[in-house]
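So that the names make sense, note that chain A is the first sequence line, chain B the second, and so on, each numbered from 1.
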There are 2 protein chains.
Amino acid sequence: MARNITILGAGLVGSLLAILLKKRGHEVTVYERRPDMRGLNMSAGKSINLAMSHRGWKALDLAGLRKDIEDLAIPMYGRYLHQEDGNNTFQQYGTNKEAIYSVSRGELNKKLMTLAEEHGVTINFEHRCSSVDVENNILHLDLPDGSSKTVEADLIFGADGAHSALRNSYVRMDRVDAQHFYLKHGYKELSIPPDENGNLQIEENGLHIWPRRNFMMIALPNTDGNFTCTLFLPFEGELSFETLKTEEQVQKFFNEQFPDAVPKMPTLMEDFFGNPTSSLITTFVAPWHYKNKSALIGDAAHAIVPFYGQGMNAGFEDCTILAGLLDKHGDDWDTILEVYDQMRKPNGDAVANLALKNFVEMRDKVADKDFLERKKIEKELHRLYPKEFISVYEMVSFSHIPYSTAQSCIDAQDKLLQEIMSDGDFFENIKQDAYKTKLDSSVTTYYQSIKDLDFGG
Amino acid sequence: MARNITILGAGLVGSLLAILLKKRGHEVTVYERRPDMRGLNMSAGKSINLAMSHRGWKALDLAGLRKDIEDLAIPMYGRYLHQEDGNNTFQQYGTNKEAIYSVSRGELNKKLMTLAEEHGVTINFEHRCSSVDVENNILHLDLPDGSSKTVEADLIFGADGAHSALRNSYVRMDRVDAQHFYLKHGYKELSIPPDENGNLQIEENGLHIWPRRNFMMIALPNTDGNFTCTLFLPFEGELSFETLKTEEQVQKFFNEQFPDAVPKMPTLMEDFFGNPTSSLITTFVAPWHYKNKSALIGDAAHAIVPFYGQGMNAGFEDCTILAGLLDKHGDDWDTILEVYDQMRKPNGDAVANLALKNFVEMRDKVADKDFLERKKIEKELHRLYPKEFISVYEMVSFSHIPYSTAQSCIDAQDKLLQEIMSDGDFFENIKQDAYKTKLDSSVTTYYQSIKDLDFGG
């Protein structure tokens with residue numbers, strides 16, 4: 001039975017979900033608080049580029065959008081690590097040249113909106129949902145002319161981001177648990193444009209990182225030859241946004257910390273003082289749904305920090321899983337929303353924690369020799385034991401293995417790799433048959449400890 | 001310089017704080033969302049009785065209220081444990097007959113309100129604060145006639161409980177962290193009235209507990225001979241509020257679980273089906289203050305579960321500490337609120353965690369033989385080593401040692417007591433000089449590990 005479904009938010013997840021629901025015959029209405037970005041210059045300065053990986057592509061396949069987006073996507077095969085001494089190391093992500101893809105959030109969002117409308121979805125822009133009467137499924141909407149109205153829906157999806165109105169309405173209810181916290185670090189968008197001849201100034205097919213222990217800068221490629229840089233730095237303390245108040249302070253900081261990048265950043269001062277310093281939130285809430293009436297999806301359910309490049313991918317995977325449940329359970333929305341919550345909540349929790357952990361890895365450990373060695377060994381282990389050993393990074397980025405499973409493998413992988421690395425030079429050791437036998441046994445022990453986890457379909 | 005100070009909430013903490021601020025010469029206005037309880041019958045059924053302990057009394061001393069409240073307070077020297085077989089064990093709380101005091105929340109609150117008014121504080125009842133403009137210190141108030149108004153204040157204290165409007169306004173701000181969660185257990189108020197001759201049905205001077213592993217009932221004495229009982233039970237599951245729907249089910253459950261209490265509960269059915277089933281929330285928020293403009297206090301800063309009897313005591317201690325800072329720092333509110341936050345936030349966190357942990361102790365461990373033995377040993381240790389060894393329970397209930405220090409001693413005390421108990425019968429062992437020497441050494445080791453913690457003034 002077709003339902004009258006309302007989606008809050010026409011962002012990436014809201015627009016994709018609208019398409020998937022409309023394709024299944026439901027009436028879909030979307031309310032979006034911002035104006036239609038397709039008629040505007042994008043508001044720059046607050047969007048970290050997206051890194052589309054396996055989970056994202058799978059959802060785009062469902063929407064029939066892979067080809068359209070491939071044209072906008074730049075493959076990144078690994079990390080370019082810019083050391084303080086000006087040296088540069090390349091660290092490949094996958095064992096088989098897998099890539100994550102730099103995609104413009106704006107362009108992807110515009111395409112998803114247009115496709116949703118082509119399928120017959122109505123998107124109402126500049127309709128801000130202020131709150132939801134969760135018991136009765138009534139939305140309170142503020143309109144562009146300053147007036148308000150209420151709308152009733154059979155079913156509501158909150159795809160309205162970290163500060164979701166539906167989430168906030170859940171949070172006020174008895175026995176709903178919630179948590180949110182901010183990092184001590186903020187971020188600011190900067191840029192490395194093409195040079196005067198229009199040539200790229202750094203290598204295109206990688207994610208650039210300037211790891212500096214307690215802070216870092218990253219850069220991702222865009223199709224126009226511009227790299228979007230993001231500086232992640234503590235809000236307060238000795239080296240912090242708080243202490244970078246004058247052009248002189250900023251210049252000195254960049255000269256000292258990012259000497260190879262400074263000559264490539266002609267608009268550094270303009271960007272630094274023109275763009276906002278933004279905060280980074282992580283949210284948890286339980287439950288994610290209310291009876292057969294409403295549910296949270298994407299950032300509204302699990303806002304995470306951007307350091308694993310999984311925010312959009314996790315939200316799109318929510319859509320994939322939900323679409324699968326729709327196909328399986330028809331219009332039994334009690335079951336659909338209950339199972340969706342049970343399946344996705346542990347994975348939302350896991351990806352939030354993985355993303356927090358990866359910040360430490362990106363800004364600190366990637367500058368570490370042992371860590372780089374470990375990454376090489378992990379690749380070799382996967383080559384030698386393709387079924388038994390998949391690194392956590394590859395599970396997260398290049399598979400559909402549940403995030404919670406990836407998280408559960410961390411300790412066992414740490415133990416295995418510590419054991420291997422304490423034996424000395426791995427690539428010398430494995431030339432010896434006796435060591436290979438020992439390694440077989442260690443990997444078997446590892447595999448026994450994780451093989452009963454849920455590795456998905 | 002006298003300030004125009006606004007307090008949200010005329011509950012226990014708000015009323016006490018009003019008195020302490022007014023005594024220091026400030027203009028104090030209180031807004032309370034409920035009607036004046038002094039003109040009404042108290043709304044029964046949702047108030048767990050208070051257990052006043054050292055921290056509470058100290059704050060009442062500051063307000064000059066100890067004598068008034070002593071008349072209403074019933075000392076409880078220990079726990080009466082009602083076992084399933086009908087047996088009854090008494091377990092003394094303190095080493096020196098220290099007591100916690102059963103006090104009626106309503107009577108205490110009324111006295112505090114009246115005293116506040118006598119000092120010249122204005123309490124505006126039925127003024128519900130819906131939100132606070134934190135930057136500009138403007139309150140939005142809903143009035144009894146359905147209208148609204150805004151009020152500006154030099155300084156605002158949010159003493160408005162677990163669902164505080166000031167806390168909620170903080171939580172919506174950038175870089176404010178917050179968490180709240182509910183227990184899987186709810187609670188329901190019941191009662192054990194005097195018998196037909198007006199005699200008490202159970203011993204007056206103790207806290208009665210019916211520990212049943214995953215749930216429990218407790219009873220606290222009132223001055224009218226009535227005991228307020230509270231049943232703590234899971235909301236869902238085999239033995240739960242969900243499965244107690246009919247009189248037959250309730251009767252069967254009580255007959256099986258609390259056979260000694262049932263004959264003393266003539267209004268059981270009326271109470272059970274007439275009183276609400278309420279939830280138990282724990283909250284964390286950071287920071288607790290905003291510049292020199294506002295701060296949270298009491299449950300608004302740290303709503304905790306009632307199992308250590310410390311909710312009101314912790315809120316009153318917030319007042320004691322704040323009053324001390326006022327005396328020390330004059331009208332330097334930047335310093336006062338900053339230091340208040342730094343001093344109290346770790347203690348708010350600690351008492352929240354102690355309270356959660358004590359639920360397990362009360363409902364489960366107090367029925368355990370080893371646990372009862374441990375409590376006896378702890379008392380003897382304190383007698384033998386009064387300076388070196390104070391049990392966590394005594395630190396929390398019978399001292400002004402910071403909660404965070406008490407919490408930090410848990411692991412070291414667990415280790416010491418495990419060691420002692422693994423040596424066999426303690427009270428036999430200490431008759432031997434050799435064992436006493438060994439014990440001296442163990443206690444010294446314990447004391448070395450904790451002596452540098454902050455034990456307060």
Side-chain angles (χ1 to χ4, degrees), chain A residues 46 128-131 140 160-165 167-188 232-237 240-242 276-288 290-291 302-305 338 341-342 345 349 352-353 356, chain B residues 46 128-131 140 160-165 167-188 232-237 240-242 276-288 290-291 302-305 338 341-342 345 349 352-353 356:
Chain A
K46 266 195 75 167
R128 192 183 79 89
C129 180
S130 56
S131 69
H140 296 270
D160 47 345
H163 302 283
S164 165
R167 179 188 192 277
N168 288 341
S169 300
Y170 280 3
V171 165
R172 283 192 285 272
M173 295 174 76
D174 193 30
R175 298 184 64 211
V176 170
D177 296 345
Q179 181 177 18
H180 74 249
F181 53 85
Y182 290 87
L183 290 193
K184 301 293 174 205
H185 292 68
Y187 71 92
K188 191 182 280 286
F232 296 94
L233 188 70
F235 280 106
E236 283 119 30
S240 71
F241 283 114
E242 185 189 48
T277 306
S278 306
S279 58
L280 294 153
I281 195 170
T282 300
T283 71
F284 299 92
V285 62
W288 283 11
Y290 182 74
K291 298 185 179 171
H302 49 78
I304 68 177
V305 293
E338 177 68 31
D341 194 333
Q342 280 172 20
K345 165 75 179 155
D349 291 352
N353 290 317
L356 289 164
Chain B
K46 268 195 74 168
R128 193 183 77 89
C129 179
S130 56
S131 69
H140 296 269
D160 47 345
H163 303 283
S164 165
R167 178 188 192 277
N168 287 341
S169 300
Y170 280 4
V171 166
R172 282 192 285 272
M173 296 173 76
D174 194 29
R175 299 183 61 210
V176 171
D177 297 343
Q179 181 177 18
H180 74 248
F181 53 86
Y182 291 86
L183 290 193
K184 301 293 175 206
H185 292 69
Y187 72 92
K188 191 183 280 287
F232 296 94
L233 188 69
F235 280 106
E236 283 118 32
S240 71
F241 284 114
E242 186 189 47
T277 306
S278 305
S279 57
L280 294 153
I281 195 170
T282 300
T283 71
F284 300 91
V285 63
W288 281 13
Y290 182 76
K291 298 185 179 171
H302 48 78
I304 68 177
V305 294
E338 177 67 33
D341 194 333
Q342 279 171 22
K345 164 73 181 156
D349 291 352
N353 289 316
L356 288 165

For A:T283, what residues pass the side-chain hydrogen bond (donor to acceptor under 3.5 Å, both in side chains) criterion, not counting sequence neighbours? none

Among A:R175, A:Q179, A:H180, which has the most heavy-atom pairs under 4.5 Å with chain B? A:R175

Residue among A:A178, A:A286, A:S279 with most heavy-atom pairs under 4.5 Å to chain B: A:A178

Contact class of B:V176 relative to chain A, heavy atoms under 4.5 angstrom: backbone

Set of side-chain hydrogen bond (donor to acceptor under 3.5 Å, both in side chains) partners for A:S240, sequence neighbours left out: none

